[in-house]
**Q** 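Just passing along the structure, written as structure tokens.
Positions are given from 1, in the same order as the sequence printed here. The structure presented is a predicted model; accordingly, all values stated were derived computationally and were not measured.
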Amino acid sequence: QVQLVESGGGLVQPVGSLRLSCAASGRTFSGYFMAWFRLAPGTEREFVASISWSAGSTSHADFVRGRFTISRENAKNTVYLQMNTLKPEDTAVYYCAAGRIRSRFNSAYDFWGPGTQVTVSS
């Protein structure tokens, strides 16, 4: 059984930081691209960042570039999203996903975690 489980969400004040983790289990994710998406109320789920599992090449959405950084630790089958200088508009449920191709589209990813809530508020 394939599982992706996110953790690290919570309530943080504006300009604060959080680090999200996504632990993968149940299969070898070698060769898979891993990504973070987010879903805010009243919007569609949007791409945040992606990383290739083996090469470590990354891609970030324009609205998080310079603030968020995706990384991975293969030995632990874990992907991270370091989020700095958080803004209220970053409030959303953040989802981890795994897929065979690099894409910014939801449909390209085969496996999803249940999500973790991030709330940025004073």
**Q** Let me see the working for Arg38 and Asp90 under side-chain contact (heavy atoms from CB on, under 4.5 Å), right down to the final yes or no.
**A** CA-CA 9 Å; Arg38 70 184 188 184; Asp90 294 319; 2.9 Å; yes

**Q** Could you report the tightest heavy-atom contact between Gln117 and Ala92, atom names first, then the distance?
**A**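 Looking at all heavy atoms of both residues, the closest pair is NE2-O, 3.4 Å.
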
**Q** Using 0.5 Å steps for rounding, measure from the CG atom of Leu18 to the CE atom of Met83.
**A**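 Output value for this atom pair is 4.5 Å.
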
**Q** Do the rings of Trp112 and Tyr95 sit parallel, tilted or perpendicular, given the 30° and 60° boundaries?
**A**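 The rings of Trp112 and Tyr95 stand perpendicular, inter-plane angle above 60°.
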
**Q** To the nearest 0.5 Å, tell me how far Met34 CE sits from Asn77 CG.
**A**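 It comes to 8.0 Å.
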
**Q** Enter the distance from Thr69:OG1 to Arg19:CZ here, rounded to the nearest 0.5 Å.
**A**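 It comes to 12.0 Å.
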
**Q** Do Phe105 and Tyr32 sit in one hydrophobic cluster, given that two such residues count as connected whenever their side-chain heavy atoms are within less than 4.5 Å of each other, even indirectly?
**A**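 No, Phe105 and Tyr32 fall in different hydrophobic clusters.
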
**Q** Which atom names give the shortest non-hydrogen contact between Thr78 and Lys76, and what distance separates them?
**A**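 Looking at all heavy atoms of both residues, the shortest contact is OG1-O, 2.8 Å.
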
**Q** Could you go through the side-chain contact (heavy atoms from CB on, under 4.5 Å) check for Ser17 and Val12 one step at a time?
**A** CA-CA 7 Å; Ser17 297; Val12 62; over 6 Å; no

**Q** For the hydrophobic clusters of this structure (ILVMFWY residues joined by side-chain heavy atoms under 4.5 Å, transitively), does one cluster hold both Val120 and Val48?
**A**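 Yes.
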
**Q** So how far is it from Arg67 CZ to Leu86 CG, rounded to the nearest 0.5 Å?
**A**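 Output value for this atom pair is 6.5 Å.
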
**Q** Is it true that atom CD of Glu44 has more than 12 heavy atoms of other residues, nucleotides or ligands lying nearer than 6.0 Å?
**A**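 Open: at most 12 neighbouring heavy atoms sit under 6.0 Å from CD of Glu44.
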
**Q** Between Arg65 and Asp62 (salt bridge meaning N to carboxylate O under 4.0 Å), is one present in this structure?
**A**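 Asp62 and Arg65: salt-bridged.
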
**Q** Is it true that Leu20 and Phe68 fall in one hydrophobic cluster, defined by side-chain heavy atoms closer than 4.5 Å?
**A**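 Hydrophobic grouping puts Leu20 with Phe68.
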
**Q** Same hydrophobic cluster for Val93 and Phe37, using side-chain heavy-atom links shorter than 4.5 Å among ILVMFWY?
**A**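 Yes: a chain of side-chain contacts under 4.5 Å links Val93 to Phe37.
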
**Q** Atom OG of Ser59 and atom CD1 of Ile51: how far apart are they, to the nearest 0.5 Å?
**A**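 Taking OG in Ser59 and CD1 in Ile51, the distance rounds to 11.0 Å.
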
**Q** Tell me yes or no: between the side chains of Glu73 and Tyr80, is some donor less than 3.5 Å from an acceptor?
**A**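 Tyr80 and Glu73 do have a side-chain donor-acceptor pair below 3.5 Å.
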
**Q** Sub-3.5 Å donor-acceptor pair from the side chain of Thr119 to the main-chain atoms of Thr91, do we have one?
**A**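 Between the backbone of Thr91 and the side chain of Thr119 there is no qualifying donor-acceptor contact (under 3.5 Å).
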
**Q** Using atom types as modelled and distance alone, determine if a side-chain donor or acceptor of Tyr109 lies under 3.5 Å from a backbone N or O of Ser103.
**A**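 The answer is yes, because a donor-acceptor pair under 3.5 Å joins these two groups.
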
**Q** In the single-linkage hydrophobic clustering (I, L, V, M, F, W, Y; side-chain heavy atoms under 4.5 Å), do Val118 and Leu39 co-cluster?
**A**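 Each belongs to a different hydrophobic cluster.
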
**Q** Counting only N and O atoms by type, is there a donor-acceptor contact under 3.5 Å from the side chain of Ser52 to the main-chain atoms of Ser57?
**A**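 Yes, the answer is positive, given that a donor and an acceptor are paired below the 3.5 Å cut-off.
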
**Q** I'd like to know if the side chain of Glu6 and the backbone of Cys22 have a donor-acceptor N/O pair within less than 3.5 Å.
**A**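 Answer holds: no.
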
**Q** Arg72 and Asn74: side-chain contact (heavy atoms from CB on, under 4.5 Å), yes or no, with the steps?
**A** CA-CA 6 Å; Arg72 85 278 188 262; Asn74 290 349; 3.2 Å; yes

**Q** Work out which heavy atom in Ser50 is nearest to a heavy atom in Arg102; give both atom names and the distance.
**A**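 Taking every non-hydrogen atom into account, OG-NE, 3.8 Å.
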
**Q** Would you say Arg104's side chain and Phe47's backbone share a donor-acceptor pair under 3.5 angstrom?
**A**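 The answer is no, because no donor-acceptor pair under 3.5 Å joins these two groups.
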
